[in-house]
Amino acid sequence: MKRLLFCLIIACLWGNIAISATTVPHIMAYDLRVAQSGNDYTFTFFANTQPISGKLLFHTISGESLGEYTIPQPLQSGDNTITIPASALPSSHTTIAWSLQLSAASNPQFGIIYEGEVCTRAYAAINNHPESDYFGYIYLANRKGVGLCHIHAFDYAYQPTFATGNDYITFNSTGRPAIDSEGYIYWPDWGDLKSGITIMNPVDYSEKQFFSGIQNDDNGVWYNSITNTDLGSSCSGVSIYGSGKNTKLYAMNEDIGEYSQLTKKGFVIYQIGNEDGTISRQWKTAPTQVIAVEDNNTNGNFAIVACSHGAWLCQHTLTNQAGTYALMFYDHQGTRQYASTDATLINGSNGAGIALNREENQLAMVNADGNILIFDITWQGDTPTLSLRTTYTTTFSAIGSIHFDYAGNLITTSGNNFGGSKDDLRLVIYSTPTDSNTIVVPARTSQHIQRSGTGTSHFQLLFPDESTPTKILRNRHLYILHHGQTYTILGFQE
């Protein structure tokens, strides 16, 4: 009851919210859990729309299929509970990983499935990491004015769970955030006065600065005075790619400092993944890699999206021409492999919103008119080729950030305060047309099923006199009786 009241209070402070009844979302499931009760197993999950069918998919930790269970009863939008007997589980393994497959009605149209009012300039990110306890959570920074930025959090059901108060003063001018595989949120600050990257813990929303050094509030550059090293600077956007030891933090870099380890209006990469699989969230050396960006705009307002091939950049510009290309791609070596040279295809980008889907074969971006372009991508090595799939007309002039959620719905923040007649300031989530509305979501490792096996183990016991021993299976131990002697095989499972 307290949580519901808290959510209602924040919703009232936040503004009106609405969920479309006509547009079907790309179906998604969150908070997958399983619990054993006697000889039964109960599975629970949240569905974002009405499923028409569902299956439990069982597999090994490495992904080898162990079978499936078709859910017989009707499912619903919201919370679902399914109870099955232990006999329905695979019998050959004691550790069973599982996933949930759901299908929903097709969606014939581009439309809004959620909208909520915000103020002035806002940027958001969504947690797309199934292993995280905060999978599906959306985090939004709402800049109400210079030096006045509020942070909001929403759960996977789009219910508000957290909001900073009026005395919150961490940021001067927040940029586009990113989330690592453990759920930590990285908030860049584009303003010189409070530049840097603030990392927020999703559990208690505690904060700490990524850069360990001295901040020059005249130009926004962080530096290490002991090693004479520039660390980073004012930042309009960050992106994170990889997990564990392969985690990399990409950051747009607006300024250069005294020690020349940075590049003005380029981007830098920090190898924050350690060999032991942990993630470093404190940095006191030069960036791992520094990449200069050609044809950058004077305002330095870039969004960056990292992927397995390199990094996409989108810059705020109302034109698209040499010197101010709206969309670019750089490979891992820092070579530009794509620039949006065709102004009839991309006429600019009002707000610089850009997103890449999980499969890295679709890109969404805002054009100069505030509409969303969807491109199909084909790759030849690390060189992309873009083909325009469709253009979606929005009611907004500018879109500052775009993200695909795990299922393919589009999370956007519009009304970037960059001008235009259509601005209506909101966090808006869209669904795009789809004929095959099906998703497979893996359960977290903590939700793997641990049980005693019931299969048959084949082995041969050899005794010197070749006599036949007697086998007794009791309490998961195998007892072998032979000529009055008892031999015990601990932990044996038949």
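This one's a predicted model, so the numbers in the text were calculated from it and none came from an experiment. All values below come from the heavy atoms of this structure, side chains included, with hydrogens, waters and symmetry mates left out. We're numbering straight along the sequence, starting at 1.
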Please determine if Arg281 forms a cation-pi arrangement with Tyr184, meaning its NZ or CZ atom is less than 6.0 Å from the six-membered ring centre and no more than 45° off the ring axis.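 Yes, Arg281 and Tyr184 form such a contact.
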Would Glu131 and Arg444 pass as an ion pair if we require N to O under 4.0 Å?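 Answer for the salt bridge query: no.
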Using a strict 4.0 Å threshold on nitrogen-to-oxygen distance, state whether Asp276 and Lys245 make a salt bridge.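 Salt bridge flag = no for Lys245 with Asp276.
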State, with a plain yes or no, whether a side-chain heavy atom of [X] is found less than 4.5 Å away from one of [Y].
X      : Y      : result
Met365 : Ile346 : yes
His26  : Thr434 : yes
Tyr186 : Thr198 : no

Judged by modelled atom types alone, do [X] and [Y] share a side-chain donor-acceptor pair under 3.5 Å?
X      : Y      : result
Ser103 : Thr438 : yes
Ser195 : Ser233 : no
Ser236 : Asn301 : no
Asn127 : Ser132 : yes
Tyr223 : Asn216 : no
Ser349 : His316 : no

Verify, without hydrogens or angle tests, whether Asn371 (side chain) and Leu373 (backbone) share a donor-acceptor contact under 3.5 angstrom.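 It does not hold such a pair.
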Under the 3.5 angstrom rule, does the side chain of Gln271 hit a backbone N or O of Gln289 as a donor-acceptor pair?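 No; judged by distance alone, with no hydrogens or angles, the pair does not exist.
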I would like to know whether Lys194 and Asp189 meet salt bridge (Lys or Arg N to Asp or Glu O under 4.0 Å); could you show each step before the answer? CA-CA 7 Å; Lys194 297 180 179 179; Asp189 200 308; over 6 Å; no
What do the steps show when you test Asp155 against Thr161 for side chain to side chain donor-acceptor pair (under 3.5 Å), and what is the final call? CA-CA 7 Å; Asp155 66 14; Thr161 60; over 6 Å; no
Hey, could you give me each pair passing ring-ring contact (aromatic ring centres under 6.0 Å, His included) that has a residue in residues 340-383? Not counting sequence neighbours.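 Passing the test, one end in residues 340-383: His309-Trp379, Phe329-Trp379.
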Under 6.0 Å from the CD atom of Glu359, do we count more than 12 heavy atoms belonging to anything else shown?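 Yes, the 6.0 Å shell around CD holds more than 12 heavy atoms from other groups.
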More than 12 heavy atoms of other groups within 6.0 Å of Asp435 CG: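 Counting neighbours around CG of Asp435, 12 or fewer heavy atoms of other residues, nucleotides or ligands fall under 6.0 Å, so no.
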Holding to side-chain hydrogen bond (donor to acceptor under 3.5 Å, both in side chains), I want the full list of residues that pass it with Thr317, two or more places apart in sequence or in another chain.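 Here the qualifying residues are Thr319.
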